[in-house]
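Data first, discussion second: the structure below is written as structure tokens.
Predicted, not measured: the structure shown is a model, and the values here were computed from it. Every chain is numbered from 1 and lettered A, B, ... according to where its sequence line falls, protein lines coming before strand lines.
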2 protein chains.
Amino acid sequence: MESSSASRYTTVADVARLAQVSKAQAARALGGYGAVSDEVRSRVLAAAETLQYHPNELARSMNTGRSKTIGVVVGDIENPYFSLAMRGIYDTSKAGGFDVILINTGEDLATEIDAVNVLLDKRVDGMIVAPVTRSSSTHLNRVVDSGRPVVLLDRKLPSLPVDSVVAEMRQVSYEAARHLLDEGHTRVGYISSLDVGGVEFTLDLDLGTNPVTERLAGIRRAFDEAGVALPTDLIRLGGGKQHSIGDLVQALVTGPDPATAIVASDSVIALEALAELQRAGVRIPDDVSFLMFDELPWAGLMTPPITVVAQPVYDQGVAAAAILLRRIGGDRSEPEHLALPSRLIRRESVAPVGSAIVGASA
Amino acid sequence: MESSSASRYTTVADVARLAQVSKAQAARALGGYGAVSDEVRSRVLAAAETLQYHPNELARSMNTGRSKTIGVVVGDIENPYFSLAMRGIYDTSKAGGFDVILINTGEDLATEIDAVNVLLDKRVDGMIVAPVTRSSSTHLNRVVDSGRPVVLLDRKLPSLPVDSVVAEMRQVSYEAARHLLDEGHTRVGYISSLDVGGVEFTLDLDLGTNPVTERLAGIRRAFDEAGVALPTDLIRLGGGKQHSIGDLVQALVTGPDPATAIVASDSVIALEALAELQRAGVRIPDDVSFLMFDELPWAGLMTPPITVVAQPVYDQGVAAAAILLRRIGGDRSEPEHLALPSRLIRRESVAPVGSAIVGASA
DNA sequence: CTGAAAGCGCTAACAC
DNA sequence: GTGTTAGCGCTTTCAG
């Protein structure tokens with residue numbers, strides 16, 4: 001029946017007083033460190049109980065220099081990729097006794113730089129960053145200099161000697177392209193939201209190190225091996241930013257030499273592309289074949305079921321967190337670069353080119 | 001070209017020394033409070049720059065008692081509902097200068113209690129909680145007692161005098177049920193993951209205050225008004241926990257008097273239900289009509305497009321954060337209970353009952 | 001084992 | 001305006 005009024009937490013001092021011991025002893029009993037007699041410990045714990053004592057983690061962190069908190073910086077938490085990876089990070093961190101501070105950058109570099117600084121200032125014990133594409137690494141150097149571990153998610157920064165966890169993309173993309181080629185598709189469109197500042201794609205354009213670069217490399221190899229020229233005119237970057245996905249799709253399926261297959265670089269793009277195709281009355285796979293990166297529950301339920309490249313997203317989160325925790329624990333070994341296996345799931349959205357006629361006559 | 005070695009951050013003391021001023025003056029200049037001459041300020045700022053000074057937010061928080069951080073407790077960040085709401089919370093908090101600590105409870109009460117305590121111990125300035133269904137409010141009382149504001153998301157706790165933000169569900173559910181009834185459906189199945197401990201649903205079962213209760217209330221009213229008995233045997237709770245969604249769906253569409261329409265209480269359930277229906281060869285809407293709560297990009301792209309109840313998820317997040325920030329700012333007015341409008345989006349997954357025959361003969 | 005006292009890095013009185 | 005002196009709540013020497 002205390003009066004309501006807020007403020008003033010009970011501190012170790014309060015507990016110590018009630019338990020009739022020194023502040024230091026109370027703190028030891030409460031914090032579970034140092035030497036304390038059973039007698040004292042129980043008295044202190046009892047006092048803490050009646051006083052409803054809860055430690056001030058801020059004060060504790062200040063002394064120990066460790067906050068039992070990790071920071072996570074992602075581009076867009078609403079994107080299923082990140083929310084699932086986040087779940088993996090979360091589960092693993094929690095199991096290790098760490099809390100998670102989440103920062104969303106909206107895929108903006110300035111925000112990312114800010115985010116990293118904020119986390120550092122809050123003294124997180126380490127962080128996981130999914131860097132915006134084409135960012136440099138200067139802001140992450142500050143983290144490295146601070147001595148706190150970082151692990152990169154979904155991206156590798158060659159200039160930065162830190163751990164990274166990505167999904168294997170080159171090989172699986174090669175397979176995907178082979179599949180398309182096998183079905184007779186040589187006019188394959190590729191839509192990505194990778195921001196390259198609005199320039200057109202060319203073979204010698206440096207996209208930096210990121211999943212898109214890997215995918216394109218795999219696809220290119222398949223085309224090269226097949227002796228087919230990669231249709232660079234159908235590779236469209238900057239989707240959603242410089243250009244609307246709808247317009248991009250529209251452009252791919254019309255024109256004199258249209259794409260016979262479309263590859264969506266992620267599920268968000270796929271959804272918009274699918275909507276546009278439906279709006280335009282373009283049928284899958286009769287008029288155009290469709291393949292997307294990322295497996296989601298709805299992909300197999302569409303009509304037709306969508307062929308996808310599935311990457312182990314949750315596991316990427318788990319792996320990133322596991323490595324980070326190991327580093328926080330003191331592991332000073334060489335940076336590790338994990339590439340988790342992805343796989344192609346063939347469903348029915350990819351069909352032989354020209355099957356529109358077949359379909360119509362069937 | 002400093003040597004690598006970690007540790008030891010530069011502090012105000014370091015900056016003060018270099019700038020040849022007192023620690024207090026340096027702190028004032030750095031923190032942007034109190035009175036400082038331009039002369040001193042620039043000297044301090046310059047020193048801070050060369051020393052790469054970054055404030056220790058922990059220390060700052062300890063003195064001010066404010067951490068500029070809010071905590072968010074959700075059931076499952078992987079669920080699109082939460083990740084989108086989180087985005088709303090995030091955007092709003094950030095605009096107000098607050099960071100966000102995310103805690104995921106996995107819809108587990110013990111974890112939720114823990115989460116709330118952790119946040120309190122970390123001295124967050126306030127928190128947003130989407131309480132697990134059917135939880136009591138004792139753990140949240142501690143927050144209220146601490147004097148820090150909480151706002152409830154997607155759930156209202158009558159016993160707790162705090163703000164809440166939910167989506168209006170009773171009216172829109174009434175409309176949805178009306179729609180179903182108008183199409184001739186009286187055998188309407190309802191699948192929810194609401195955990196009621198495995199008991200069967202009956203009309204007098206107390207489900208507590210939560211969206212499901214509201215939905216059922218709205219549906220019931222529509223049935224009552226139409227003079228049709230609510231098919232309580234087709235209302236299945238505990239989906240995903242006590243029973244697999246697939247089994248539940250299977251049970252609804254088979255048996256002597258099967259459901260002619262199925263309502264999925266959220267998108268996760270809908271996806272599993274849809275998969276099961278497809279597996280079982282049950283066609284929508286020919287064999288069974290389908291309606292789901294929550295609008296997602298893929299819903300309209302399915303074949304047929306799914307009729308949904310859309311709730312303003314992002315806006316709920318925004319509203320919750322806005323109220324919280326106002327409270328943190330000192331607003332002591334009466335608790336506010338916001339119910340944002342939802343709406344029924346009619347597409348093609350709901351058709352007149354018995355349209356299977358019509359469809360077959362067409 | 002226990003207690004007194006000295007900080008962690010910062011802000012907040014309080015004097016000058 | 002500026003500097004000095006206390007703390008915030010906890011951990012950590014350092015003596016006993």
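A distance-only check finds a donor-acceptor pair linking the side chain of A/Ser22 to the backbone of A/Gln25 [under 3.5 Å]. When atom types are taken as modelled, the side chain of B/Thr69 and the backbone of B/Val100 share no donor-acceptor pair closer than 3.5 angstrom. Side-chain atoms of A/Asn104 come within 3.5 Å of backbone N or O of A/Ile77 as a donor-acceptor pair. When atom types are taken as modelled, the side chain of B/Arg41 and the backbone of B/Val36 share a donor-acceptor pair closer than 3.5 angstrom. Checked by atom type and distance alone, the side chain of B/Asn117 pairs as donor or acceptor with a backbone atom of B/Ile113 at under 3.5 Å. When atom types are taken as modelled, the side chain of A/Arg148 and the backbone of A/Val124 share a donor-acceptor pair closer than 3.5 angstrom. Formation of a donor-acceptor pair under 3.5 Å by the A/Arg155 side chain with backbone atoms of A/Thr209 is found in this model.
Scanning DNA chain D 5' to 3' for nucleotides with an atom closer than 4.0 angstrom to a non-hydrogen atom of chain B gives a first and last hit of D/dG1 to D/dG9. Of all nucleotides in DNA chain C, those with any atom nearer than 4.0 Å to a heavy atom of chain B start and finish, going 5' to 3', at C/dG9 to C/dA13.
Listed by chain and number, the residues in a salt bridge (charged side-chain N to carboxylate O under 4.0 Å, His left out) with B/Asp99 are A/Lys122 (sequence neighbours excluded). For B/Ser93, the side-chain hydrogen bond (donor to acceptor under 3.5 Å, both in side chains) criterion is met by no residue, not counting sequence neighbours.
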Report task. Report the C-alpha separation of A/Asp76 and A/Tyr81 in whole Å, then their side-chain angles, then the decisive distance to 0.1 Å, and conclude whether the side chain to side chain donor-acceptor pair (under 3.5 Å) test is met. Result -> CA-CA 9 Å; A/Asp76 176 13; A/Tyr81 173 87; over 6 Å; no
Query raised in the report: Given the rule in the side chain to side chain donor-acceptor pair (under 3.5 Å) test, do B/Tyr9 and B/Asp14 qualify, once you have shown the distances and angles that lead to the verdict?
Result: CA-CA 9 Å; B/Tyr9 295 88; B/Asp14 299 325; over 6 Å; no
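Listed by residue number, the members of residues 42-53 of chain B with any heavy atom below 4.0 angstrom from DNA chain C are B/Tyr53. Of the residues in residues 21-31 of chain A, those lying under 4.0 Å from DNA chain C by heavy-atom distance are A/Val21, A/Ser22, A/Ala24, A/Gln25, A/Arg28.
How far CZ of A/Arg60 is from CG of B/Leu58: 13.0 Å, rounded to the nearest 0.5 Å.
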